[in-house]
There are 2 protein chains.
Amino acid sequence: MNAPVTSQSRCGDCPIRHRAVCARCNADELDELDGIKYYRTYEAGQPIIWSGDVMTFVGSVVSGIASLTQTMEDGRTQMVGLLLPSDFVGRPGREGAAYDVAATTDVVMCCFRKKPFEELMERTPHIAHRLLEMTLDELDAAREWMLVLGRKTAREKIASLLAIIARRDATLTPGGATNRMVFDLPLTREAMADYLGLTLETVSRQISALRKDGIIELEGKRHVTVPDMRLLMEEAGDDSDGGFLG
Amino acid sequence: MNAPVTSQSRCGDCPIRHRAVCARCNADELDELDGIKYYRTYEAGQPIIWSGDVMTFVGSVVSGIASLTQTMEDGRTQMVGLLLPSDFVGRPGREGAAYDVAATTDVVMCCFRKKPFEELMERTPHIAHRLLEMTLDELDAAREWMLVLGRKTAREKIASLLAIIARRDATLTPGGATNRMVFDLPLTREAMADYLGLTLETVSRQISALRKDGIIELEGKRHVTVPDMRLLMEEAGDDSDGGFLG
DNA sequence: GGCAAGCCTTGACCCAGATCAACCGGGATC
DNA sequence: GATCCCGGTTGATCTGGGTCAAGGCTTGCC
């Protein structure tokens, strides 16, 4: 899989992403970035960064999905974040990486050499500002996930995960006044389990249960149809509509 | 309890906190802050901000401990963060509050009216920078907590919490070459349960178990002595020393 | 002193989800 | 086509922590 400049990368919303991804936009500081940015591709399953490594770059995901994972010495792992296209990787001002980053699907990253990027950030408050905003978003997402991990049942966890993936990946079925949504799961059952603090068997069982109850439809193991997002949100135990409805 | 300017507020480390707390330091932008900052005190248990409220201020904790909590409609709650002295509250650039904030102990806050603070931030990259750094720290802490919530046993959760509180509150027993630490729990059993994704009964039982096993000593319900922090860290399932040792 | 309210502890029991194990099905390789 | 492998499903059983319930210890109020 190669680096497609798709509408999925949402060019034009984030200045960093914008410049990184989209060759057709000559944004203000674009020139300054020449020579410090480069692209890298990773195959599904490949590690991108190991926790503790010295970071030499920061960057953003262009396409594919990467995961942030923490591991205990005894092997227990917890995924602590999903990186979707446009998400930023790396901590300006930090030496080492805090978590393992791995490609969950094939991934294209747009990287900036860290030093020059930090200098650029010094000179360009706009970037620092945008980065703060993105970090606050990530913090919100992390904290929302703490509620999922700490208090939700297995079924609610699955529903919450499906809702998140739907929110970021799915398309409304054209022509429908309904809340039908269709998307592909970008994660294995095991990866879902890591994200949800469950075992893969429980994930499998709960997905089967949701299918049996008509909340979702499955074609193969990955292709999901949600006939009515409102039912799914209800299962997620989440009164908020997740941004789907008005 | 009134607003003491104690060494606990760690004046001098963070520019924002520095200016907010310490009348004896005339830091560079101190003058500019006059007229936009004020202090507020809250009694233990009192709400500070409700989720969804329009935020009119940002600020930092001067003394006491506040908690960030998320609640589901059916009443299940999960604490998603602890705010200790020097921690920042509020999201520059955001309208509404994302979580409930409440005083866990008596709390003194140093507040800045939001609008002028944001303008100040525009003019002062240093502050934006510092804020980004603090937010990245919070993000790390939140993600570390996701591992605790998702993968640790009740006993490990308790040990992890005690370790965190010790790290930020405790004093090494003077004259000891050992790793003995002494501190007071600033949280009720219920608050601990909310933080750890447990019930208060389980918290109580596990604390009793740790006491029985000699990992901790208790005087009353709140005063804790840890004879050897290394044993506690081991119980936490955490190979890192949490910053205690060399 | 007596009483009530909070906070905490402990016991008995139960259940959601983990664990262990068997099996399925599709794709790659020979 | 036979075989293997990998991801997924399903069943049987076990158990950590939840739930329900009964006190205990402090503190404050009458």
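What you see is a predicted model, and the numbers here were worked out from it, not measured in a lab. By convention in this document, chain letters (A, B, ...) are assigned in the order of the sequence lines, proteins followed by strands, and residues within each chain are numbered from 1.
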(request) Kindly write out the residues that satisfy salt bridge (charged side-chain N to carboxylate O under 4.0 Å, His left out) with B:Asp140, not counting sequence neighbours, or none if the list is empty. (result) A:Arg91, A:Arg94
(message) For chain B and DNA chain D, what are the first and last nucleotides along the strand, 5' to 3', with at least one atom under 4.0 angstrom from a heavy atom of the protein chain?
(response)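 Counting from the 5' end, contacts occupy D:dG17 to D:dC20.
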(request) Return yes when atom CD of A:Glu43 has more than 12 non-hydrogen atoms of other residues, nucleotides or ligands closer than 6.0 Å, and no otherwise. (result)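 No - once you tally the heavy atoms of other residues, nucleotides and ligands closer than 6.0 Å, there are 12 at most.
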(message) Looking at A:Glu201, I want to see if its CD is surrounded by more than 12 non-hydrogen atoms of other residues, nucleotides or ligands under 6.0 Å.
(response) yes
Name the atoms and distances for all side-chain donor-acceptor pairs under 3.5 Å in residues 210-226 of chain B, with sequence neighbours left out.
residue	atom	partner	partner atom	Å
B:Asp213	OD2	B:Arg155	NH2	2.2
B:Arg222	NH1	B:Leu185	O	3.1
B:His223	ND1	B:Asp184	OD1	2.7

(request) Would you mind reporting whether A:Ile165 and A:Pro186 have side-chain heavy atoms less than 4.5 Å apart? (result)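 A:Pro186 vs A:Ile165: side chains touch.
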(message) Can you confirm whether B:Leu196 sits close enough to B:Ile158 that some side-chain heavy atom of one is under 4.5 Å from a side-chain heavy atom of the other?
(response)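 Of all side-chain heavy-atom pairs linking B:Ile158 with B:Leu196, at least one is under 4.5 Å.
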For residues 75-82 of chain A, please give each side-chain donor-acceptor pair under 3.5 Å, one per line with the distance, not counting sequence neighbours.
residue	atom	partner	partner atom	Å
A:Arg76	NE	A:Asp74	OD1	3.3
A:Arg76	NE	A:Asp74	OD2	2.9
A:Arg76	NH1	B:Arg151	O	3.0
A:Arg76	NH1	B:Glu156	OE1	2.8
A:Arg76	NH2	A:Asp74	OD2	2.8
A:Arg76	NH2	B:Glu156	OE1	3.4
A:Arg76	NH2	B:Glu156	OE2	2.7
A:Thr77	OG1	A:Asp194	OD1	3.1
A:Thr77	OG1	A:Asp194	OD2	3.3
A:Gln78	NE2	A:Asp194	O	3.0
A:Gln78	NE2	A:Tyr195	O	3.0

(request) Considering only NZ, NE, NH1 and NH2 on the basic side and carboxylate oxygens on the acidic side, decide whether B:Arg143 and B:Glu138 come within less than 4.0 Å. (result)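 No salt bridge links B:Arg143 with B:Glu138.
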(message) I need a per-nucleotide contact map over nucleotides 6-11 of chain C, read 5' to 3'. Cutoff is protein heavy atoms under 4.0 Å; write B for the base, S for backbone only, - otherwise.
(response) --SBBB
(message) Any residue in residues 143-157 of chain B with a heavy atom nearer than 4.0 angstrom to DNA chain C? Just list them by number, or reply none.
(response) none
(message) At 4.0 Å (heavy atoms only), tell me whether B:Gly197 reaches a base, stays on the sugar-phosphate, or touches nothing.
(response)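 Sugar-phosphate contact only - B:Gly197 comes under 4.0 Å of backbone atoms but never of a base.
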